[in-house]
Enquirer: 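Got a structure here, written out as structure tokens. Questions coming.
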Amino acid sequence: MSKNLTPRSQDYSKWYNELVIRADLAENSAVRGCMVIKPYGFAIWEKMQAELDRMFKETGHQNAYFPLFIPKSLFEAEEKNAEGFAKECAVVTHYRLENDPDNEGKLRVDPTARLEEELVVRPTSEAIIWNTYKGWIQSYRDLPILVNQWANVVRWEMRTRLFLRTTEFLWQEGHTAHATRDEAMAEAELMNNVYAQFAEGFMAIPVIRGIKTESERFAGAEETFCIEALMQDGKALQAGTSHFLGQNFAKAFDVKFTNKEGKLDYVWATSWGVSTRLMGALIMTHGDDKGLVLPPNLAPNQVVIVPIYRSEEQLNQIDLVAEKLMTLLRAAGHSVKYDNRDTYRPGAKFAQYELQGVPLRIAIGPKDLENGTVEVARRDELSKQIIAIDSVVETVSMLLDEIQKNLYERALNFRDDHITEVDDFDTFKSVLEEKTGFISAHWDGTAETEEKIKELTKATIRCIPIDEEAKPGSCVYTGNPSERRVLFAKAY
RNA sequence: CGGGAUGUGGCGCAGUCCGGUUAGCGCACACGGCUGGGGGCCGUGGGGUCGCAGGUUCAAAUCCUGUCAUCCCGACCA
């Protein structure tokens, strides 16, 4: 990737925010830390939803829906989970407004309408779901339960960031119940793999599969699997997580079942989720200074056709050719948009579709009509070629495939160039500051060392990679024995 | 919640230090003409209680006090 296409760290936040807004994906709403996802942005989210949904169904899952409000008593049942989220919960305390007698035309909260028990707006749904599952499960014959929910959740974070950490966000959360530990553990791993496959195959975002250290683990989980991605500014982003919850929630909500041997046992659980944060990952992985760059798999429009003309007569002729092309391209399974608005000039349209990241642009003008050609431009490389009109379908199919692959390869090369093996702490610090990215280093396995390194460098252990062979060594900070290298990085 | 910064037409900004004509500029918008293979040009025009509330002053976008919001850096986190 050429350097001038890579927004660098210092301007990155600004670039990111501007790109998001300029690309017409989302904007800040009037509500603190919340975002309005605009139609084009939502179209991308819908593509992601559709593919994830397909993958979930393929692995035997079903969708369901649970309430937004969680009674406080249910929420606090699983102690660690409750504690972990306590500081970021929106809480409903009243259910009625009334006219304010001291302030004409204004409303106030009716003090007599206080709820007997407060309702927590879900930051995640384990509590309400496990309280429900309790009534669904008696026997091993009722298991497994493999349910997913598409929902919004609210986490009142101190600091928000468009897409990456909004107060309200959209996500899916899977919640499964199993008869055995092994089966639940296998489910958690399976779903982490589904996420990895989705990120890499569909979004062209290379990820590292790993497990979280105890201090980075989901509150209430016994093991957290994750996929970690690297953004162009050298910071890591947790792109998805899948948790093995053990029997913690079953015990907290008293979910027991009779097993094959006729004995009572607690149910084993998993939960897993990805969110609109993935759209942030998309922007920050593939975007350049001209705007978004969308992998063909999730582009709402894979191809846009722009007519170039002077007279109305010319436009009419191009219309005919364009209509024919659209029919052919659609028949080949590609999504195509024909932009024959006469209110904008071609150059403006080109710029607009580059901003939106449309993978391929076809321009047709009078010269093309004469020569039987079209101009095809690809967004990822910003290159153009003239091709014969008869070969359009074939070329488009080929190019879309190539762009999907190229985006992944490009991001993978960048990511791999930014994984540095480091064995001493001075190098650790300098690599972190100057080169950025992941640092593969030995760690003595203690939370104290992890904390100390975080304090000194702001880097955290992103994960213990699953796909890398464990080789012993000595801790980069304490020099104590280490079983294996782990990945450190500054993270969003 | 601590540190820093910023609030001026739809968007991006100048003006604020050092108070003083009718508050400017770019983009966008509307109309007209010329244009037309990468965000066109020229002309004309519409649009602003300068975040909000007090105060100082003959006079406040500008100074003072308070307040709200946003952004960045921390702590927290998908």
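In what follows, every heavy atom counts, from backbone to side chain, and hydrogens, waters and symmetry copies are set aside. Order of the sequence lines sets the chain letters (A, B, ...), proteins ahead of strands, with each chain counted from 1.
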Enquirer: Ignoring the backbone of A:A363, work out which of B:rC72, B:rG74, B:rG37 is nearest its side chain.
Expert: B:rG37
Enquirer: Which whole number of Å gives the distance between the C1' atom of B:rA28 and that of B:rG48?
Expert: 16 Å
Enquirer: Any sub-3.5 Å donor-acceptor pair from A:E173's side-chain atoms to A:S125's backbone N or O?
Expert: yes
Enquirer: Considering only B:rG74, B:rC76, B:rA78, which nucleotide approaches the side chain of A:K87 most closely?
Expert: B:rC76
Enquirer: How is A:S275 classified with respect to the nucleic acid when contacts are heavy atoms under 4.0 Å: base, sugar-phosphate, or nothing?
Expert: base
Enquirer: Show your working on side-chain hydrogen bond (donor to acceptor under 3.5 Å, both in side chains) between A:E126 and A:T124 and close with a plain yes or no.
Expert: CA-CA 6 Å; A:E126 276 79 1; A:T124 178; 2.6 Å; yes
Enquirer: For the pair A:N371 (side chain) and A:K367 (backbone), establish whether a donor and an acceptor sit closer than 3.5 Å, ignoring hydrogens and angles.
Expert: yes
Enquirer: With distance as the sole criterion, do the side chain of A:R361 and the base of B:rG38 form a donor-acceptor contact below 3.5 Å?
Expert: yes
Enquirer: Where the side chain of A:Y344 is defined as all heavy atoms beyond and including C-beta, which of B:rG36, B:rA78, B:rC29 is the nearest nucleotide?
Expert: B:rC29
Enquirer: Would A:F428 and A:F488 count as a ring pair (Phe, Tyr, Trp, His ring centres under 6.0 Å) here? Give the steps.
Expert: CA-CA 9 Å; A:F428 186 103; A:F488 289 86; 5.1 Å; yes
Enquirer: Considering the options A:R361, A:R379, A:K349, which one meets the salt bridge (charged side-chain N to carboxylate O under 4.0 Å, His left out) requirement together with A:E354?
Expert: A:R361
Enquirer: Checking only heavy atoms, does the side chain of A:K384 share a donor-acceptor pair with the base of B:rG38 at less than 3.5 Å?
Expert: yes
Enquirer: For B:rU44 versus B:rU49, give the span between their C1' atoms, rounded off to a whole number of Å.
Expert: 28 Å
Enquirer: Tell me if the side-chain of A:E354 makes a donor-acceptor pair with the base of B:rG38, cut-off 3.5 Å, by modelled atom types.
Expert: yes
Enquirer: Searching all strands shown, indicate the nucleotide that pairs with B:rG48 (Watson-Crick or G-U wobble; both distances under 3.5 Å).
Expert: none
Enquirer: Out of B:rC76, B:rG38, B:rG36, which nucleotide sits closest to the side chain of A:R310?
Expert: B:rG36
Enquirer: Atom CE of A:M158 and atom C1' of B:rA75: how far apart are they, to the nearest Å?
Expert: 8 Å
Enquirer: If we call it a pair only when both distances are under 3.5 Å in a Watson-Crick or G-U wobble match, what pairs with B:rG74?
Expert: B:rC1
Enquirer: Between A:R378 (CZ) and B:rG38 (C1'), how many Å, whole number?
Expert: 19 Å
Enquirer: Taking A:W272 as the fixed residue, which of A:W171, A:F244, A:F56 is the one that meets the ring-ring contact (aromatic ring centres under 6.0 Å, His included) rule?
Expert: A:F56
Enquirer: Checking all strands, does A:K349 fall into the base, sugar-phosphate, or nothing category for heavy-atom contacts under 4.0 angstrom?
Expert: nothing
Enquirer: Side chain of A:F169 only, heavy atoms from C-beta on: which candidate in B:rC1, B:rG38, B:rA78 is closest?
Expert: B:rA78
Enquirer: With P as the reference atom in both, quote the distance from B:rG40 to B:rA78 in angstrom, rounded to an integer.
Expert: 46 Å
Enquirer: Taking for each residue the nucleotide of RNA chain B with the nearest heavy atom, is it A:K367 or A:R462 whose nucleotide lies nearer the 5' end?
Expert: A:K367
Enquirer: Is the distance between the ring centroids of A:F198 and A:Y195 less than 6.0 Å?
Expert: no
Enquirer: Could you give the CD-to-P distance, from A:E370 to B:rG37, as a whole number of Å?
Expert: 15 Å
Enquirer: Between B:rC63 and B:rA14, how far apart are the P atoms? Round to whole Å, please.
Expert: 15 Å
Enquirer: Using the P atom as the reference point in each nucleotide, state the distance between B:rA5 and B:rG47 in Å, no decimals.
Expert: 37 Å
Enquirer: Under 3.5 Å for both donor-acceptor distances, Watson-Crick or wobble: does B:rG10 have a partner, and if so which one?
Expert: B:rC27
Enquirer: B:rG37, B:rG38, B:rC76: which one has an atom nearest the side-chain heavy atoms of A:F350?
Expert: B:rG38
Enquirer: Using a 4.0 Å heavy-atom cut-off across all strands, classify A:Q238 as base, sugar-phosphate, or nothing.
Expert: sugar-phosphate
Enquirer: Quiz question: going by heavy-atom distance under 3.5 Å, is there a donor-acceptor pair between the base of B:rG39 and the side chain of A:R345?
Expert: no
Enquirer: Using whole Å, report how far CD of A:E451 lies from C1' of B:rA75.
Expert: 11 Å
Enquirer: Starting from P on B:rG37, measure out to CG on A:D368 and report it in whole angstrom.
Expert: 13 Å
Enquirer: In whole angstroms, how far is the P atom of B:rG39 from the CZ atom of A:R341?
Expert: 16 Å
Enquirer: If we call it a pair only when both distances are under 3.5 Å in a Watson-Crick or G-U wobble match, what pairs with B:rU65?
Expert: B:rA53
Enquirer: For B:rG36, give the paired nucleotide (Watson-Crick: N1-N3 plus N6-O4 or O6-N4; G-U: N1-O2 and O6-N3; both under 3.5 Å), or none.
Expert: none
Enquirer: Tell me if a side-chain donor or acceptor on A:H61 pairs with a main-chain N or O of A:T176 at a distance below 3.5 Å.
Expert: no
Enquirer: Which part of the nucleic acid, if any, lies within contact of A:T460, taking any heavy atom under 4.0 Å across all strands shown: a base, the sugar-phosphate backbone alone, or nothing?
Expert: nothing
Enquirer: Rounded to whole angstrom, note down the P distance from B:rG36 over to B:rG26.
Expert: 26 Å
Enquirer: With the side chain of A:E157 defined as its heavy atoms from C-beta on, choose the nearest nucleotide among B:rC1, B:rG37, B:rA78.
Expert: B:rA78
Enquirer: Which value, in whole Å, describes the distance between the C1' atoms of nucleotides B:rC58 and B:rC25?
Expert: 31 Å
Enquirer: Which whole-number value in Å describes the distance from A:E126 CD to B:rA78 P?
Expert: 12 Å
Enquirer: Starting at atom CD of A:Q356, determine the distance to atom P of B:rG38, rounded to an integer number of angstrom.
Expert: 20 Å
Enquirer: Select from A:R217 and A:T160 the residue whose nearest nucleotide in RNA chain B is closer to the 5' end of that strand.
Expert: A:T160
Enquirer: Roughly how many Å apart are B:rC71 and B:rC27, using the C1' atom of each and rounding to a whole number?
Expert: 22 Å
Enquirer: Would you say a side-chain N or O of A:K454 is under 4.0 Å from OP1 or OP2 of B:rC76?
Expert: yes
